[in-house]
Protein chains: 2
Amino acid sequence: MIGEVTVPGIPVATVARLPSYLRALRDLVARGVEKTSSVELAELSGVGPAQLRKDLSFLGSFGTRGVGYDVGSLAQYIADALGLADEHRIAIVGIGSLGHALANYSGYSQRGFHLAALLDASPDVVGRDVAGIVVEHVDALEDVVAREGVSIVVLATPAAHAQAVATRVVAAGVKEILNFAPRALQVPTDVDVRGVDVGSELQILAFHSQARALAEASAQS
Amino acid sequence: MIGEVTVPGIPVATVARLPSYLRALRDLVARGVEKTSSVELAELSGVGPAQLRKDLSFLGSFGTRGVGYDVGSLAQYIADALGLADEHRIAIVGIGSLGHALANYSGYSQRGFHLAALLDASPDVVGRDVAGIVVEHVDALEDVVAREGVSIVVLATPAAHAQAVATRVVAAGVKEILNFAPRALQVPTDVDVRGVDVGSELQILAFHSQARALAEASAQS
DNA sequence: AACTGTGAAAGTGTTCACAGCC
DNA sequence: GGCTGTGAACACTTTCACAGTT
């Protein structure tokens with residue numbers, strides 16, 4: 001296994017669900033709801049109530065028995081647990097159509113992130129303004145990371161360049177990478193990589209689709 | 001838990017890794033490599049060799065002891081296991097900047113998918129040509145699904161509309177949904193939903209970043 | 001009466017280590 | 001000698017069921 005950094009007492013599976021809980025809680029806040037229950041919040045988050053309560057129990061004890069949870073304070077507590085109190089500065093490398101879409105994603109600041117820089121290798125793109133930021137040349141990666149205090153890099157380059165860029169990103173001291181290129185990245189074990197690959201997701205769905213078809217075919221005995 | 005369809009003898013965790021193996025194998029094919037080992041293939045896929053061998057053992061016995069695996073035939077076997085032999089027809093709903101990027105993703109046909117339709121609600125987009133396909137109005141969703149034989153829908157709508165569209169998609173008989181909207185979808189248990197949310201991924205990375213910072217702070221005792 | 005928090009049980013997934021085969 | 005395939009050990013995750021609290 002490559003690039004997995006497990007740290008305190010919170011299970012990784014739990015950490016992966018905390019953002020869903022936070023999203024659901026912020027929806028409730030936006031709707032003016034002030035208290036909720038594990039059943040309601042679990043439904044909004046797409047998990048079971050027991051799982052939700054177990055997950056929250058790793059962070060502490062935030063509900064009131066017989067009553068439920070205070071929406072606002074629970075949201076705050078989860079945000080703190082996720083480390084959203086300090087601002088995380090992001091750079092996107094690879095400003096193709098996906099990079100453009102990611103740059104225009106409006107949710108960064110609401111979610112505790114600041115989009116600090118955009119980088120690309122193509123002269124057609126470098127110097128242009130995208131989402132209010134001037135795209136810089138990827139050659140300046142190390143400088144940009146240092147200047148902007150980037151702690152998370154989003155890779156949206158073509159697959160062929162992803163590893164080379166990742167290697168430089170790691171050398172520049174960045175420990176958190178979100179990789180959209182369809183390649184497994186080779187990085188030191190103390191660097192965290194999360195990969196998002198549309199093709200893989202579709203293939204997993206295709207598997208389930210086929211499994212369903214086979215199950216139905218054998219059901220009509 | 002919502003929308004989980006477990007079927008034959010292959011563990012879900014294994015299924016989720018098969019696309020990585022397939023990707024690595026196709027790279028090897030492209031580079032003209034004809035045989036590989038569990039160590040090499042695992043490295044290219046970002047997993048451990050034991051895990052790779054265990055995963056493959058659920059599909060059958062495809063290597064030769066003392067020798068390794070034939071790249072081409074293993075790739076074919078995994079592709080078949082994933083159900084990529086039959087073509088899967090996809091529709092994307094929501095042609096904003098992310099929908100555009102997804103429509104322009106070039107890997108569909110190489111990976112056994114056919115992008116059959118694009119749908120949106122905005123008159124600014126409906127009727128326009130995106131990636132060689134004319135965008136249709138989302139009101140025609142049911143017709144388009146039937147006409148094009150769509151089996152997988154990619155949701156790239158604003159979060160506020162995602163549930164309503166998903167409900168219609170399910171009513172139209174689609175069982176596989178890839179959801180890019182930052183919302184948990186309420187669907188019947190026989191429908192499969194996979195969610196991809198950039199915000200959540202960043203938050204998970206932020207957690208690890210913070211965990212690292214805390215660990216370092218306590219290490220300098 | 002209602003709902004949380006949590007040990008204990010059940011279920012999954014991963015890793016080890018070696019037998020089996022070329 | 002080298003590498004696969006796999007039972008068995010281990011680790012992690014989820015679910016259950018109920019004691020504890022308001």
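From a predicted model like this one, the values you see are computed outputs, not experimental measurements. Chain letters run A, B, ... following the sequence lines, proteins first and then strands; every chain starts at 1.
Closest of all the heavy-atom pairs between A:Ala159 and A:Ala181 is CA-CB, 4.1 Å. Closest approach of B:His88 and B:Asp86 over heavy atoms only: CD2-O, 3.1 Å.
The side chain of B:Thr64 lies closest to C:dC22, out of C:dC22, D:dG5, C:dG5. Comparing D:dT4, C:dG5, C:dT4 by their nearest atom to the side chain of A:Ser37 picks out C:dT4. Ranking D:dT13, C:dG13, D:dT6 by closeness to the B:Lys54 side chain, first place goes to D:dT6. Listed candidates were D:dT4, C:dT14, D:dT6. Nearest to the side chain of B:Gln51 is C:dT14.
As a whole-Å value, the separation of A:Leu41 CG from C:dT4 C1' is 13 Å. Atoms CD (A:Glu43) and C1' (C:dC3) sit 17 Å apart, rounded to a whole Å. Spacing between atom OH of A:Tyr77 and atom C1' of C:dG5 amounts to 14 Å, rounded to whole angstrom units. In this structure, B:Asp55 atom CG and C:dT15 atom P are separated by 10 Å, rounded to whole Å. Between A:Leu52 atom CG and D:dC16 atom C1' the separation is 16 Å, expressed in whole Å. Atoms CG (B:Leu56) and P (C:dT15) sit 15 Å apart, rounded to a whole Å. Note: NZ (A:Lys35) to P (D:dT22) measures 16 Å, nearest angstrom.
Both B:Ser61 and A:Arg53 lie close to DNA chain D; mapped to their nearest nucleotides by heavy-atom distance, the more 5′-ward contact belongs to B:Ser61. Comparing A:Val67 and A:Ala13 by the nucleotide of DNA chain D whose heavy atom lies nearest to each, the residue mapping closer to the 5' end is A:Ala13. Mapped onto DNA chain C by nearest heavy atom, B:Ala50 and A:Phe58 fall at different nucleotides, with A:Phe58 at the one closer to the 5' end.
Within the 4.0 Å cut-off from OP1 or OP2 of D:dT4, at least one side-chain nitrogen or oxygen of B:Ser38 is found. Close to C:dC22, at under 4.0 Å from its OP1 or OP2, lies no side-chain N or O of B:Tyr69.
Looking at A:Arg65, its side chain has no donor and acceptor atom pair within 3.5 Å of the base of C:dG5.
Expressed to the nearest 0.5 Å, how far NZ of B:Lys54 lies from OG of B:Ser38 amounts to 13.5 Å.
With no hydrogens or angles considered, no side-chain donor-acceptor pair links B:Arg26 and B:Gln110 at under 3.5 Å.
With sequence neighbours excluded, the residues that form a side-chain contact (heavy atoms from CB on, under 4.5 Å) with B:Arg89 are B:Glu87, B:His114, B:Ala116, B:Glu148.
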